Amino acid sequence: MPELPEVETVVRGLAQTVVGDTIESVWLGSKPEPLKSPAVVIERTLRHARIAAVRRMGKHIVIELDRAHARRPKVRRTRSKTSPGKDTAQFIVHLGMTGQLLVSKPDQELEKHTHLVAQLASGRELRFVDPRRFGRLAVHTRNGFETAGLEPLDVGFEIFVSLFRGRKTPIKSALLNQKLLRGVGNIYADESLFRAGVRPRCCAASLTRDQLRRLYDSIQQVLNQAIAAGGSSVSDYVNAQGEPGFFQFEHRVYGREGEPCLVCSTPVKRVVIAGRSSHYCPLCQK
DNA sequence: ACTATTTCCTGGATGC
DNA sequence: TGCATCCAGGAAATAG
């Protein structure tokens with residue numbers, strides 16, 4: 001499941017390979033597509049656009065487009081538009097659970113569930129594949145893309161503490177709430193809570209400053225280690241080059257129900273919190 | 001203003 | 001072997 005480290009890995013891969021390239025044409029699947037913008041708008045915005053940069057916001061991939069040299073329809077403009085940024089746009093990709101954004105050679109076979117193919121001037125293709133269709137595609141032109149929540153790797157400790165003040169919800173749910181922190185998902189929430197020694201069902205507001213400090217440090221550590229390992233490949237996740245990550249081998253509780261805790265050998269427990277499976281060690285986590 | 005629950009979707013695993 | 005059922009989960013929508 002693509003969470004912050006997986007999205008960051010995809011973004012870095014794209015930044016190295018397709019920045020400076022130009023989208024020549026766009027193909028969109030005909031089935032009900034996972035689009036947040038109308039198909040024609042996506043197609044029109046992407047075609048002839050140059051990829052200026054690729055970055056990440058939470059779990060969203062932000063592809064900055066430069067349309068300054070894009071051919072325009074010969075329509076007389078009603079007024080002279082000189083506002084800065086009028087020739088820029090953003091292509092937003094959310095991978096959902098099973099989404100892949102791949103840079104492929106055109107002769108590579110089209111995977112089933114390919115929803116978008118953008119042909120690049122370099123001869124390669126940018127492809128969006130998503131079997132479960134939880135992913136989303138959108139374009140933003142007028143106002144830049146914005147999304148709530150703070151970046152877990154940028155937030156300071158005092159702000160982090162304030163996020164949970166007065167929250168009656170379990171800490172696990174609070175960590176998954178993208179309006180608080182953006183980018184932490186089920187795997188890294190469980191792994192961070194284990195490393196911090198905090199039970200997932202713990203009421204967020206009841207965490208001591210000490211626990212919050214350990215949680216803050218754990219989140220930074222886990223996310224950074226996962227990025228260094230190229231993310232976790234538990235189901236379909238691969239990077240922009242189609243390669244898996246390796247952090248699944250570093251998981252200490254996620255997906256290890258019944259297996260011995262790596263610290264104390266107590267069997268790892270799995271419970272459901274807010275409809276999400278949550279893994280923890282009943283002895284190590286209080 | 002929060003919080004909890006439901007919904008979307010398909011492949012893989014499980015059960016009879 | 002084959003078919004039905006269940007489960008995974010991010011985030012938006014809905015309900016309380």
Side-chain angles (χ1 to χ4, degrees), chain A residues 1-11 28-37 56-62 92-101 110-116 128-138 140 145-152 162-193 200-207 219 223 226 231-238 244-245 247-248 251 253-258 268-280:
Chain A
M1 292 124 259
E3 304 177 23
L4 187 152
E6 290 75 31
V7 178
E8 180 67 26
T9 304
V10 171
V11 161
L28 279 166
S30 54
K31 297 277 186 223
E33 300 135 12
L35 306 181
K36 290 186 87 174
S37 307
R56 179 188 61 75
M57 287 176 75
K59 298 175 192 171
H60 296 268
I61 299 166
V62 181
I92 310 297
V93 179
H94 194 297
L95 298 174
M97 280 193 59
T98 54
Q100 301 177 343
L101 196 56
L110 265 200
E111 273 188 69
K112 204 178 165 187
H113 306 296
T114 299
H115 303 303
L116 176 143
F128 177 66
V129 182
D130 183 15
R132 230 165 277 185
R133 309 169 83 98
F134 273 28
R136 290 292 179 263
L137 306 177
H140 286 250
F145 173 70
E146 269 306 327
T147 185
L150 301 170
E151 282 294 329
S162 72
L163 291 176
F164 305 106
R165 209 162 277 151
R167 301 249 165 215
K168 305 290 282 180
T169 195
I171 185 63
K172 169 69 183 280
S173 301
L175 290 177
L176 294 181
N177 184 347
Q178 303 295 299
K179 293 193 165 81
L180 302 177
L181 290 178
R182 61 190 193 205
V184 177
N186 210 34
I187 295 174
Y188 299 105
D190 281 5
E191 292 297 318
S192 300
L193 287 166
R201 255 202 244 275
C202 236
C203 167
S206 76
L207 292 199
I219 290 170
L223 293 179
S232 304
S233 291
V234 290
S235 54
D236 308 62
Y237 167 71
V238 290
F247 196 71
Q248 65 275 19
H251 293 176
V253 285
Y254 182 85
R256 298 194 63 244
E257 181 187 10
V268 171
K269 269 198 136 188
R270 190 184 82 93
V271 295
V272 174
I273 300 172
R276 297 288 164 260
S277 64
S278 304
H279 312 74
Y280 70 98

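Below, chain A is the first sequence line, B the second, and so on; all start at residue 1. Keep in mind that this is a model prediction, so the values were computed, not measured.
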Inspect the contact between A:Glu6 and A:Lys59 and indicate whether a charged nitrogen and a carboxylate oxygen are less than 4.0 angstrom apart.
no
Find the distance A:Arg133:CZ to C:dA12:P and express it as a whole number of Å.
18 Å
Checking contacts here: which listed nucleotide (B:dG11, C:dA11, B:dA4) is nearest the side-chain heavy atoms of A:Lys59?
C:dA11
Distance, rounded to the nearest Å, where A:Leu175 contributes CG and C:dG9 contributes C1':
16 Å
On DNA chain B, does the nearest nucleotide to A:Ser173 precede the nearest nucleotide to A:Arg276 from the 5' side, or the other way round? Give the residue.
A:Ser173
Any A:Lys112 side-chain nitrogen or oxygen under 4.0 Å from OP1 or OP2 of B:dG11:
yes
Which is true for A:Tyr254 with a 4.0 Å heavy-atom rule: it touches a base, it touches only sugar-phosphate, or it touches nothing?
sugar-phosphate
Whole angstrom value for the distance that separates P of C:dG9 from CG of A:Leu176
10 Å
B:dC2 phosphate, OP1 or OP2: any side-chain N/O from A:Lys168 under 4.0 angstrom?
no
Worked verdict on A:Ser232 versus A:Tyr254 for side-chain hydrogen bond (donor to acceptor under 3.5 Å, both in side chains)
CA-CA 11 Å; A:Ser232 304; A:Tyr254 182 85; over 6 Å; no
Can you tell me how far C1' of C:dG10 sits from CG of A:Leu4, to the nearest Å?
14 Å
Give the ring-plane orientation class for A:His94 versus A:His60, where under 30° counts as parallel, over 60° as perpendicular and anything between as tilted.
perpendicular
Categorize A:Arg165 for me: base, sugar-phosphate, or nothing, with a 4.0 angstrom heavy-atom threshold over every strand shown.
nothing
note: A:Arg167, atom CZ; B:dA4, atom P; distance rounded to Å ~ 11 Å
A:Arg132 CZ to B:dT10 C1': how many Å, rounded?
6 Å
Short side-chain N/O contact from A:Ser277 to OP1 or OP2 of C:dG9, under 4.0 Å:
yes
Under 4.0 Å from OP1 or OP2 of B:dT10: is there any side-chain N or O of A:His113 that close?
no
Shortest non-hydrogen pair, A:Lys172 vs A:Ser277, comes out as NZ-O, 3.2 Å
Indicate whether A:Phe134 forms a stack on C:dG9; treat it as stacked only if centroid distance is below 5.5 angstrom and interplanar angle below 30 degrees.
yes
Taking only side-chain nitrogens and oxygens of A:Arg136, does any of them come within less than 4.0 Å of OP1 or OP2 of B:dC9?
no
Between atom CG in A:Leu137 and atom C1' in C:dA12, what is the gap in whole Å?
16 Å
Identify whether the distance between the nearest side-chain nitrogen and carboxylate oxygen of A:Glu257 and A:Lys269 falls below 4.0 Å.
no
Can you tell me the distance, in whole Å, between the NE2 atom of A:His60 and the C1' atom of C:dA12?
11 Å
OP1 or OP2 of B:dA4 under 4.0 Å from side-chain N/O of A:Thr169:
yes
